Every structure is written in structure tokens, then in C-alpha cells.
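So the structure is just underneath, and the comments pick up after that.
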Amino acid sequence: MPFSFSHDVVVLGSGAAGLTAALAASLDGADVGIYEKGTVLGGSSAISGGVPWIPLNHHQDEAGITDSREEALEYLASLSLGRMDPAMAEAFVDSGRDTIQWLEEVTDLRFTLLPRYPDYHPENPGGKPDGGRSLDPGLFSYRSLGDWADRVARSRRSAHLKITDTTLGGGTGYLPEGELERRMDEDLRGCGNALVGPILKALLDRGVEPVLEARALDLIVKDGRVAGVQVEIDGKPTDVEARRGVILATGGFEWNADLVAEFLRGPMTAPTSVPTNTGDGLLMAMRAGARLANMGQAWWVPAVKIPGDIAFGEQRSNLVNRERTLPGSILVNGAGRRFTDEATNYNALGGAFHQIDPVAFGYANLPAWLVFDQAHADRYGSFGTPAGQPVADWIPRAETVSGLAEAVGIDPAGLAETVDRWNAFVDAEEDRDFHRGDSAYDRWSGDGEFRFTKASTLGRIDTGPYYAVPIESGTLGTSGGPRTDVDGRVLDTRLQPIPGLFACGNVAAAPTAMAYGGAGGTLGPILVFGRRTGRAAARPLARFSH
Ligand SMILES: Cc1cc2nc3c(=O)[nH]c(=O)nc-3n(C[C@H](O)[C@H](O)[C@H](O)COP(=O)(O)OP(=O)(O)OC[C@H]3O[C@@H](n4cnc5c(N)ncnc54)[C@H](O)[C@@H]3O)c2cc1C
């Protein structure tokens with residue numbers, strides 16, 4: 001059957017990976033088609049914090065921050081437990097600076113450093129306790145996108161916030177009087193929308209318009225090479241030719257319950273990404289004979305489900321960052337025991353949910369609850385309710401700690417003992433069990449009034465009523481998939497490139513494996529390998545002997 005559409009390069013998915021790859025390929029002279037399954041584009045990238053983590057970026061120079069290739073590689077290696085492919089890590093570190101400079105040249109993106117935002121494991125060798133590797137995309141005016149402004153995925157809560165306004169970036173989550181109205185009037189958007197918008201604009205300016213509601217179904221293989229894709233358009237399977245290559249950029253498989261059960265190393269019940277990420281690209285790569293890697297891994301987060309909170313037609317899972325790092329709260333398991341430094345970074349903390357109790361042979365820390373008291377709720381608010389307002393009715397509560405434990409099914413004696421022990425640690429200003437507050441990261445992420453001190457995260461739990469919120473094992477997106485070379489070529493089981501097939505972003509095996517260096521630890525590599533992949537796919541076939 002003849003192809004209905006034909007391009008040099010076909011990109012599947014329109015998150016940061018797909019858009020960056022598409023722009024790189026287009027600038028290198030390829031005719032590019034982008035096909036996106038969702039009704040809106042941008043994927044999880046558009047609803048993310050929009051922060052990339054890039055060692056040695058040029059904004060460090062202006063701020064007088066020192067960094068080096070050796071430090072960055074040593075740091076990443078310290079977080080990968082031997083699982084990272086050094087060639088991929090080197091390609092990331094070596095191309096990061098260029099990628100950011102390139103994005104600032106060819107799009108309206110203008111990054112700044114997230115001020116003093118520490119790496120996620122700042123005390124590891126090569127880690128940066130005073131920041132310098134996490135970048136803020138600032139604000140971008142969606143007025144410049146015309147009709148396309150309404151076709152980008154966005155989070156109703158944070159679309160107009162800059163990352164530094166959000167609790168993740170050290171802000172309160174609220175804007176000063178008048179500022180929100182100003183940003184809404186000018187349609188100034190921050191975070192993931194500020195990252196995706198300028199790349200989309202650069203593509204539109206070049207005449208590359210993504211096709212929405214176009215779900216890729218399967219690869220078309222001809223004469224041993226991926227020659228196109230079958231895409232469902234207007235409900236009909238449509239054959240799209242790719243003269244040079246197909247780039248899988250379809251995100252992770254976190255919304256596919258079967259793949260989650262088959263591959264992830266432990267329970268994951270709360271994906272926070274867009275629900276269209278159902279592993280379609282992974283399955284296509286598997287059918288094409290790809291070698292897989294990093295399949296048990298994801299970018300983990302502790303998450304909460306607030307009843308009635310819906311996003312993209314599904315129950316929303318929210319990252320739990322603020323409530324667990326602020327003073328006056330602890331995380332406990334069913335035995336009423338703490339099991340981690342609550343203020344550590346979300347990705348590392350997610351690992352604690354997968355700890356197996358070898359005797360009972362069950363997950364030791366699931367289910368889990370965040371326990372806090374009235375003083376915490378009064379000062380900071382809780383789970384979407386601002387400070388000073390009553391705690392939401394859906395949150396279980398009791399006048400005493402053991403009463404709370406009984407109400408939700410935690411061991412009462414265990415919880416009472418844990419709270420007493422915690423309060424003694426707070427009084428001594430030392431968490432002898434899990435060292436909460438010892439890391440520069442912990443001291444940054446809690447109460448901003450006490451930033452850089454332990455008081456930013458250590459606080460007694462002693463003022464009833466007491467509250468317990470179920471916390472689930474969630475993810476920003478999975479990070480395993482087809483193995484690629486440093487230019488995004490998908491490798492087969494003999495580690496040879498599958499002709500015409502490329503992958504980048506969360507659909508592929510993460511270039512840093514399980515290492516999550518700092519804020520932006522997923523989007524940093526995604527931008528770098530998105531660009532590398534787009535450039536490689538744009539090269540005429542004759543220049544490769546696959
Ligand atoms: C709330 C939140 C905050 C985050 N903040 C940060 C941050 O600040 N920094 C950071 O580094 N990371 C962050 N992350 C993680 C980051 O957003 C993801 O790792 C990243 O966006 C993945 O990019 P991607 O392009 O691979 O996938 P996505 O951006 O998810 O895009 C994949 C796209 O592919 C489409 N697709 C799926 N199947 C098909 C198909 N069959 N055909 C066509 N299209 C298809 C999807 O609809 C989607 O639009 C955050 C994530 C969340 C959820």
C-alpha cells in the first residue's frame with residue numbers, strides 16, 4: 001500500500017524529547033513530521049517543573065561556579081550503583097553545555113540558574129551543595145503561540161508559576177497580589193510550559209506542525225529497515241513513511257498496568273505523568289527486536305491522591321515534597337516506624353517503598369502514612385489547603401497519637417514510641433536514626449524561613465489533633481526501555497543498530513540509568529539526547545552502514 005504521508009524523519013510523541021529531536025532534525029535540513037497521541041501536546045514535559053540538570057552549563061560561568069567533567073562523572077557514577085553505561089554518561093556531560101547554548105540560540109528559551117539549589121546528593125563526591133547545575137526556564141508568553149497556546153498540556157494549578165514560585169523550587173506556591181492576574185493577562189507561563197513553548201514555537205516558525213490525536217500503532221519494516229509507522233489518524237490506521245528514520249519519543253510505560261507489573265522492581269500505584277504514556281513505543285521497539293535496559297527503574301516519587309482531584313480525565317497523583325520536608329511531620333509504616341530521612345530527595349525516597357522484609361516477606365514500608373500535627377497544619381497548610389484553614393475532611397485525624405494509629409490501622413504502641421523518639425531527636429537537634437537535616441539538600445528544601453539550618457526540617461509533633469495521610473509509591477515516569485547508542489540509535493539484542501529506528505526520552509533506557517543528579521535530572525539528559533538523536537536521524541541513510 002502506498003504511504004499516505006511521507007517525511008525524512010517521523011517523531012512519535014511531543015514531549016521535551018520529541019520536540020527537541022524534531023527541532024534538531026529540522027534545523028539539519030530534514031523534513032520532519034511529529035505525531036502525538038494526546039488531544040494536547042507537550043506530554044509530561046509540559047506539566048513538569050521544566051528544570052533541566054546540566055553540569056558545566058554556561059550560566060555557571062556568569063555566577064562564578066566551578067564545575068568539571070571529572071566531578072560531574074564521579075558524581076553520576078556514585079549514584080548509579082555500577083548500572084550506568086560510562087559512554088552515555090560521558091556523552092551527556094560533554095554535550096550538556098552545547099545543548100543549552102544551542103537551545104538559547106535557536107529558540108526563545110533563556111535559562112537562569114536555580115539560585116543555590118543543591119544537587120540531590122550534595123555530599124557525594126562531585127556533588128554541588130551550593131547548586132549551579134539546575135536551570136530555570138523562566139516565563140514564556142504563550143501569546144506568541146497563537147491558536148497553539150490552547151493545544152499544550154498544562155496543569156491548572158501551576159501553569160503561571162515559575163519553578164521558584166512553587167514549593168519544589170523553594171517558593172510558597174502562591175503569587176503576590178496582582179502578579180497572577182498580570183501573568184494570566186499576558187498568558188505568561190512557567191515551569192514545563194516555559195520549556196516546551198519556545199521549542200514548539202521554533203518548530204512552528206519553521207513550518208513543522210505536530211499532528212494531534214495521532215496514535216502510533218506500529219512500525220513499518222521494509223527490507224530490514226524501519227521505513228515508516230502506522231498511525232491512527234481520525235480513527236483510521238494510516239501509513240506514514242520515514243525516509244531516514246523514526247524517532248520513538250513516546251514517554252514511559254507508567255500508565256500501562258501490565259508493563260508496570262511485568263517490569264518495575266516494586267509496587268508503583270501513582271503515576272504523576274500524562275495518562276497517554278502507556279508504553280506504546282516500548283512495545284514497538286520490542287516487536288522490532290530491541291535490547292532492553294534499566295527496566296526495573298523509574299523516576300520515583302512519594303505521591304498522594306486527593307479524592308476528587310482529576311487531571312486529564314484520571315485521578316491525579318500529586319508529588320509529596322513540601323509536607324514531608326517541613327517541620328512537624330514524619331513518614332511511618334504499618335508498624336508505626338519511620339523508615340527514611342523524610343526530607344531526602346523524592347527519587348531516592350521512592351526506593352524505600354521497595355524494601356522487602358525478608359522474614360514476613362512483604363514490602364516493609366507499604367502502606368505508608370505521613371503523620372503531622374495541628375501546629376504543622378496551622379503554620380504550613382496541608383495537601384492543597386492553605387495555612388490557617390481547617391484541614392480537609394478527607395484526612396483522617398484523632399485527638400491522640402495512638403487514637404490516630406487505631407483509626408488508620410497503624411500499630412498504636414509503635415507509633416506512640418516513634419513520635420516520642422522523634423520529639424527527643426528534635427530537642428537534641430539530631431536525627432540519630434535517619435540523619436534528617438544533616439544534608440545541605442534537606443536544609444534547603446523545608447521551611448524557607450530557616451533555610452540552610454536544621455530547623456528548616458526538624459520540628460516536634462506534639463499538638464493535637466494528629467493527622468495521617470496515605471502516601472503511595474509513585475513515579476514521574478519510567479526510565480527503562482530500548483538501549484540506544486550515544487546518538488539515539490536503537491540497538492538489537494546483539495547490540496547492533498536497528499536500521500532506521502531511534503529513541504530518546506523516557507521511552508528509552510535512561511542514559512544515566514538510575515542516577516538522578518539533581519533538580520532536572522531527567523529533563524537534562526532528555527534535552528541532550530533529544531538533540532543528538534534528532535541530528536543523527538536527519539543524516540541521509542547513505543552515510544550509515546547499519
Ligand atoms: C509533575 C511533574 C514534574 C516534573 N518536574 C520535572 C523537572 O522539573 N525536571 C525534570 O528533569 N523532570 C521532571 N519531571 C519528569 C519529566 O517531566 C519527564 O521525565 C519528561 O517530561 C519525559 O519527557 P518525554 O519527552 O520522554 O515524555 P513526555 O513528555 O511524557 O512525552 C511523551 C509524549 O508521547 C506521547 N505518546 C505516547 N504514546 C504515543 C503514541 N503511541 N503515538 C504518539 N504519541 C504518543 C504522549 O501522549 C506524550 O505527549 C516531572 C514530571 C512530572 C509529572
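Whatever order the structure lists ligands and atoms in, that order sets their numbers, starting from 1. Small disclaimer: the values here were computed from a predicted structure and weren't measured. The first residue in the sequence is number 1, and the count goes up from there.
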Self-check item: Partner set under salt bridge (Lys or Arg N to Asp or Glu O under 4.0 Å) for D136, not counting sequence neighbours
Solution: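 D136 satisfies salt bridge (Lys or Arg N to Asp or Glu O under 4.0 Å) with no other residue.
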Quiz item: salt bridge (Lys or Arg N to Asp or Glu O under 4.0 Å) with R322: which residues, sequence neighbours excluded?
Solution: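 None.
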Quiz item: Does the pair R183/D165 count as a salt bridge with the N-to-O cut at 4.0 Å?
Solution: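 Counted as a salt bridge, because a side-chain N and a carboxylate O are separated by less than 4.0 Å.
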Quiz item: Should D309 and K305 count as an ion pair when the cut-off is N to O under 4.0 Å?
Solution: no
Quiz item: Can you check whether F253 reaches L283 side chain to side chain, under 4.5 Å on heavy atoms?
Solution: no
Self-check item: Pairwise ring-ring contact (aromatic ring centres under 6.0 Å, His included) hits with a residue in residues 277-302, at least two apart
Solution: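 Sorted result for residues 277-302: W299-Y516, W300-H354.
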List of N/O pairs, ligand 1 versus protein, all under 3.5 Å?
from: ligand 1; atom 1: 5 (N); to: G49; atom 2: N; distance (Å): 2.9
from: ligand 1; atom 1: 8 (O); to: G49; atom 2: N; distance (Å): 3.4
from: ligand 1; atom 1: 8 (O); to: G50; atom 2: N; distance (Å): 3.3
from: ligand 1; atom 1: 8 (O); to: V51; atom 2: N; distance (Å): 3.3
from: ligand 1; atom 1: 9 (N); to: V51; atom 2: O; distance (Å): 2.9
from: ligand 1; atom 1: 11 (O); to: V51; atom 2: O; distance (Å): 3.3
from: ligand 1; atom 1: 11 (O); to: G520; atom 2: O; distance (Å): 3.3
from: ligand 1; atom 1: 11 (O); to: T522; atom 2: N; distance (Å): 3.1
from: ligand 1; atom 1: 11 (O); to: T522; atom 2: OG1; distance (Å): 3.2
from: ligand 1; atom 1: 11 (O); to: L523; atom 2: N; distance (Å): 2.7
from: ligand 1; atom 1: 12 (N); to: T522; atom 2: OG1; distance (Å): 2.9
from: ligand 1; atom 1: 19 (O); to: N506; atom 2: ND2; distance (Å): 2.9
from: ligand 1; atom 1: 19 (O); to: T522; atom 2: OG1; distance (Å): 2.7
from: ligand 1; atom 1: 21 (O); to: S45; atom 2: N; distance (Å): 3.1
from: ligand 1; atom 1: 21 (O); to: S45; atom 2: OG; distance (Å): 2.8
from: ligand 1; atom 1: 23 (O); to: S45; atom 2: OG; distance (Å): 3.2
from: ligand 1; atom 1: 25 (O); to: A16; atom 2: N; distance (Å): 3.3
from: ligand 1; atom 1: 25 (O); to: A17; atom 2: N; distance (Å): 3.1
from: ligand 1; atom 1: 26 (O); to: N506; atom 2: N; distance (Å): 2.8
from: ligand 1; atom 1: 29 (O); to: S44; atom 2: N; distance (Å): 3.1
from: ligand 1; atom 1: 29 (O); to: S45; atom 2: N; distance (Å): 2.9
from: ligand 1; atom 1: 29 (O); to: S45; atom 2: OG; distance (Å): 2.6
from: ligand 1; atom 1: 30 (O); to: S44; atom 2: N; distance (Å): 3.0
from: ligand 1; atom 1: 30 (O); to: S44; atom 2: OG; distance (Å): 2.9
from: ligand 1; atom 1: 30 (O); to: N277; atom 2: ND2; distance (Å): 2.9
from: ligand 1; atom 1: 41 (N); to: A216; atom 2: N; distance (Å): 3.4
from: ligand 1; atom 1: 41 (N); to: A216; atom 2: O; distance (Å): 3.1
from: ligand 1; atom 1: 41 (N); to: D280; atom 2: OD2; distance (Å): 2.8
from: ligand 1; atom 1: 42 (N); to: A216; atom 2: N; distance (Å): 2.9
from: ligand 1; atom 1: 44 (N); to: K37; atom 2: N; distance (Å): 3.1
from: ligand 1; atom 1: 47 (O); to: E36; atom 2: OE2; distance (Å): 2.6
from: ligand 1; atom 1: 47 (O); to: T276; atom 2: OG1; distance (Å): 2.7
from: ligand 1; atom 1: 49 (O); to: E36; atom 2: OE1; distance (Å): 2.6
from: ligand 1; atom 1: 49 (O); to: E36; atom 2: OE2; distance (Å): 3.1
from: ligand 1; atom 1: 49 (O); to: G43; atom 2: N; distance (Å): 3.4

